Structures are given as C-alpha cells and as structure tokens.
Amino acid sequence: MIPTLTWTDDGVRFLDQTRLPLEETYVLATDYGQVADAIATMVVRGAPAIGVSAAYGIALGAMRSRAESAERFAPEFEKICARLASTRPTAVNLFWSIDRMKRLFADLLSSGTPLIQMQKKILAEAHAMYAEDISACKAMGAHGAALLPQEGAVLTHCNAGALATCGYGTALGVIRAAVERGKRIHVYADETRPFLQGARLTAWELMADGIPTTVICDNMAASLMRAGKIQAVVVGADRIAANGDTANKIGTYNVAILAKEHGIPFYVAAPWSTIDRATPNGDAIPIEERPHAEVTHHAGKQLTPNGVGICNPAFDVTPSKYITAIVTERGVLRAPYIDALREMELVAG
Ligand code: MRU
C-alpha cells in the first residue's frame with residue numbers, strides 16, 4: 001500500500017506529492033501548523049487524504065499541548081481547528097473531519113474527561129477515520145467495478161487514487177477493483193494542468209500496480225472519444241452538493257460534456273464524507289483559487305510573459321445532468337440525485 005500519510009511517534013509523515021514521480025521523499029510534520037502547511041502546499045492532496053490529515057493534525061495539536069487541563073485546552077483546540085480549516089476551501093472532507101473532531105471534543109469536555117484521556121481519544125478517532133477511509137475505498141471499488149466494461153479504456157482526470165486517500169483510491173479504486181476482478185482495463189490519464197496530478201501521480205501510481213496507462217494532454221480527450229477509444233470515464237470529487245452537482249479538479253466539467261456528446265458513461269466515485277447535503281447545488285460550492293505561479297511557471301521555469309493576466313481556479317463544478325452514476329461506499333446512486341442521496345442517508349441512518 002502506498003504510504004500517503006502515516007502517523008508516527010514523532011508526527012505525521014507525508015509522501016511528498018510535490019516531488020513525485022522523480023523523487024520518493026517524505027516530509028515529517030511535527031506540529032499541527034506543519035500539517036496545515038503540508039495540506040496548503042499540496043505535499044498531501046486529494047479530498048479524503050486532506051480530511052484524514054487534518055484529523056491527525058488536530059491529534060498532533062492535542063498531544064503537543066502544554067495546557068494544564070481540558071478546559072484550558074479548549075481555546076487552543078479552536079485555534080488548531082481554525083488553522084487547519086483555513087487551508088483548502090473546496091474539499092468538504094476537510095470540514096467533515098474537523099466537525100467530527102469538534103463533536104468528539106465537546107462530548108469529552110462535557111463528560112469531564114481529563115486531558116490525557118482526551119488526547120488518546122482524539123488520536124483514536126483520527127486512526128478510526130484512516131481505517132474507515134480505506135474500507136470506504138474498497139467498498140466503492142466493489143460497487144463500481146461492475147460499471148466498467150470487461151475490456152476497454154477508461155479515462156480519468158487528476159489523481160483520485162491511493163495518493164489522494166489513505167489507500168486504494170476512489171476513482172482509481174474502482175479501476176483497481178475492476179482489474180482485480182479480471183477486467184482488462186487500459187487507463188487514459190489526463191495530464192491535468194496546471195499541477196499535473198494525472199501525468200505525475202496517476203501515472204506513477206498505476207504503473208506501480210502494473211495497470212496499463214497512457215498519459216494524454218488535457219486537450220486530447222475529445223479526439224480520442226470521437227475515435228471510439230474511450231469506453232467510460234471515472235473521476236473523484238471534492239464536494240458533491242445535495243442535487244448531485246460535483247466539484248472536482250478543474251477540467252472535469254470539460255470531460256463530462258465531452259463524454260455526454262460522445263455517449264460515454266461518466267462516473268463519479270466518492271466516499272460519503274464528500275457529500276455535502278447542506279450545500280443545495282454547485283453554485284454554492286466555494287472554489288479555491290490557487291497561486292498564479294502554478295500557471296506561470298513549471299519546475300521553476302517561467303512560461304508566460306511578465307505581467308500577463310492569470311486565473312487559476314483549482315476546481316470546477318460538473319452539473320449533475322452530466323453524471324451517469326455516483327459510486328459511494330454505500331452503493332451506486334442514479335439521478336435524480338437529490339432523492340437518491342436523501343434516501344441513502346435515511347437508510348444508512
Ligand atoms: O487539488 P487536488 O490535487 O487536491 O485535487 C484533487 C481532486 O480533484 C480529486 O479528484 C478529488 O480530491 C478526489 S480524490 C479521491
């Protein structure tokens with residue numbers, strides 16, 4: 001299993017995704033501020049991995065606290081949560097994870113739990129989220145594998161793999177599960193400008209698993225689809241609104257429109273922690289604007305003339321009408337998503 005993030009006695013160890021695929025190096029975050037920095041600078045990225053990293057960041061902040069009591073730790077706890085919440089606004093798993101920790105903290109505080117016990121329980125909760133994330137990915141894989149053809153090519157955008165989760169992946173988990181069940185799948189990985197998660201990360205991860213992969217530039221998908229070379233698209237998600245509108249890496253919307261035009265199924269795979277029923281539709285999803293240097297420069301080399309205008313939204317929203325199905329660990333949902341999501345929430349309790 002790829003060690004995307006690992007809890008150690010010294011802090012949280014991240015596989016540095018800014019350096020892949022050429023260097024396999026690790027960054028050790030020894031306090032919660034360093035965890036926040038690792039999330040903001042994309043040493044660790046991908047919505048589920050961001051959520052669990054924040055949980056470990058909170059655990060690290062609690063373990064390192066010098067407060068004399070749980071009551072005295074309370075303002076510090078709020079500060080830790082606020083710092084981690086300020087890192088990446090679109091991935092709702094971040095806020096889901098922080099809210100879960102806040103509920104735990106409130107329960108522990110009201111039941112008079114001493115700080116030392118509290119620290120153990122907060123860390124145990126982070127470990128639970130880590131384990132749940134892997135089992136959710138495996139369950140998504142089991143549900144989603146049936147949707148892919150017995151033999152054919154699947155296009156994916158960005159990296160929604162083991163590197164974006166605690167292991168196995170969401171979109172790439174569906175592909176992995178299909179391959180494990182004997183399906184012969186060739187993956188086309190969009191390079192995913194500007195951060196190149198497809199060219200650098202998806203390609204690296206799938207090659208390590210021996211899954212045949214071809215990297216294409218983002219502007220090549222239409223012509224491959226027209227040539228009949230793509231049988232399905234599967235992507236991940238950063239936030240799914242109540243009506244099924246889905247925020248994912250910038251460029252996903254383009255792919256969804258192309259898939260519809262060519263009659264190719266377009267699947268989204270995401271854990272339940274990515275579903276945000278409090279956000280009614282895609283227009284209400286906050287979209288992160290990333291530093292302009294990600295567009296103007298590559299590997300330290302300037303690509304654009306000085307002073308040119310730049311915009312760098314990290315995500316776009318795919319309206320639910322383009323989505324053939326949403327694969328979650330609870331099962332496969334079909335439109336109308338507003339009803340499907342509500343019903344599945346009720347069934348799961
Ligand atoms: O900016 P990133 O690399 O964090 O964006 C990642 C994505 O868009 C993924 O598709 C999404 O988070 C799902 S990861 C399982």
Side-chain angles (χ1 to χ4, degrees), residues 2 4-5 14-18 20 38-54 87-97 132-134 136-141 144 155-177 189-206 218 233-240 246-256 266-276 285-291 294-295 312-318 323 326-329:
I2 292 169
T4 307
L5 62 134
F14 295 106
L15 175 56
D16 187 346
Q17 298 192 33
T18 64
L20 286 173
I39 296 171
T41 58
M42 294 175 55
V43 163
V44 62
R45 31 68 48 202
I50 291 169
V52 177
S53 298
T87 51
R88 299 204 64 194
T90 305
V92 77
N93 307 59
L94 173 65
F95 307 99
W96 168 87
S97 152
E132 285 167 26
D133 184 57
I134 295 173
C137 288
K138 292 267 171 80
M140 261 176 267
L155 182 116
T156 190
H157 189 74
C158 192
N159 172 270
L163 287 166
T165 61
C166 299
Y168 205 71
T170 59
L172 297 193
V174 168
I175 292 169
R176 275 199 174 94
D190 271 351
E191 66 173 346
T192 319
R193 274 284 290 157
F195 208 72
L196 304 179
Q197 289 93 333
R200 297 188 300 108
L201 309 178
T202 294
W204 180 80
E205 176 176 335
L206 291 179
D218 294 340
V233 176
V234 57
V235 297
D238 280 78
R239 190 184 294 232
I240 300 177
T246 294
N248 191 51
K249 179 53 53 195
I250 190 77
T252 303
Y253 179 31
N254 309 31
V255 178
F266 179 91
Y267 301 115
V268 171
W272 206 257
S273 52
T274 303
I275 288 158
D276 177 15
I285 298 177
I287 299 294
E288 176 184 5
E289 179 78 21
R290 299 272 317 160
E294 288 178 1
V295 175
N312 187 17
F315 302 97
D316 60 23
V317 173
T318 299
I323 301 172
I326 298 175
V327 182
T328 75
E329 69 272 37

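Note that these values count all heavy atoms, side chains included, but never hydrogens, waters or copies made by symmetry. Just so you know, ligand 1 is whichever comes first in the structure, and atom 1 is the first atom listed for that ligand. Note that the coordinates shown come from a computational prediction; the quantities given were computed from them, not determined experimentally.
- Residue Asn159 is tested with Gln197, Arg200, Glu205, Gln17 for a side chain to side chain donor-acceptor pair (under 3.5 Å); the sole match is Glu205.
- Considering every non-hydrogen atom in both Thr156 and Val235, the closest pair reads OG1-CA, 4.3 Å.
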If you apply the rule side-chain hydrogen bond (donor to acceptor under 3.5 Å, both in side chains), what do you find for Thr192 with Asp190, and how did you get there? CA-CA 5 Å; Thr192 319; Asp190 271 351; 5.7 Å; no
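- Between Thr170 and Pro271 there is a side-chain heavy-atom pair separated by less than 4.5 Å.
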When you pair each N or O of ligand 1 with protein N or O atoms, which pairs come out under 3.5 Å?
unit_1	atom_1	unit_2	atom_2	d
ligand 1	1 (O)	Arg88	NH1	3.4
ligand 1	1 (O)	Arg88	NH2	2.8
ligand 1	1 (O)	Lys249	NZ	2.7
ligand 1	3 (O)	Arg45	NE	2.8
ligand 1	3 (O)	Arg45	NH2	3.2
ligand 1	3 (O)	Gln197	NE2	2.8
ligand 1	4 (O)	Gly46	N	2.9
ligand 1	4 (O)	Arg88	NH1	2.8
ligand 1	8 (O)	Asp238	OD1	2.9
ligand 1	8 (O)	Asn248	OD1	3.1
ligand 1	8 (O)	Lys249	N	3.2
ligand 1	10 (O)	Asn248	OD1	2.6
ligand 1	12 (O)	Ala47	N	2.9
ligand 1	12 (O)	Asp238	OD1	2.9
ligand 1	12 (O)	Asp238	OD2	3.2

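- Contact record, Glu294 with Arg193: O-NH1, 4.1 Å, taken as the closest heavy-atom pair.
- Taking each heavy atom of Phe315 and Lys249 in turn, the nearest pair found is CD2-N, 3.6 Å.
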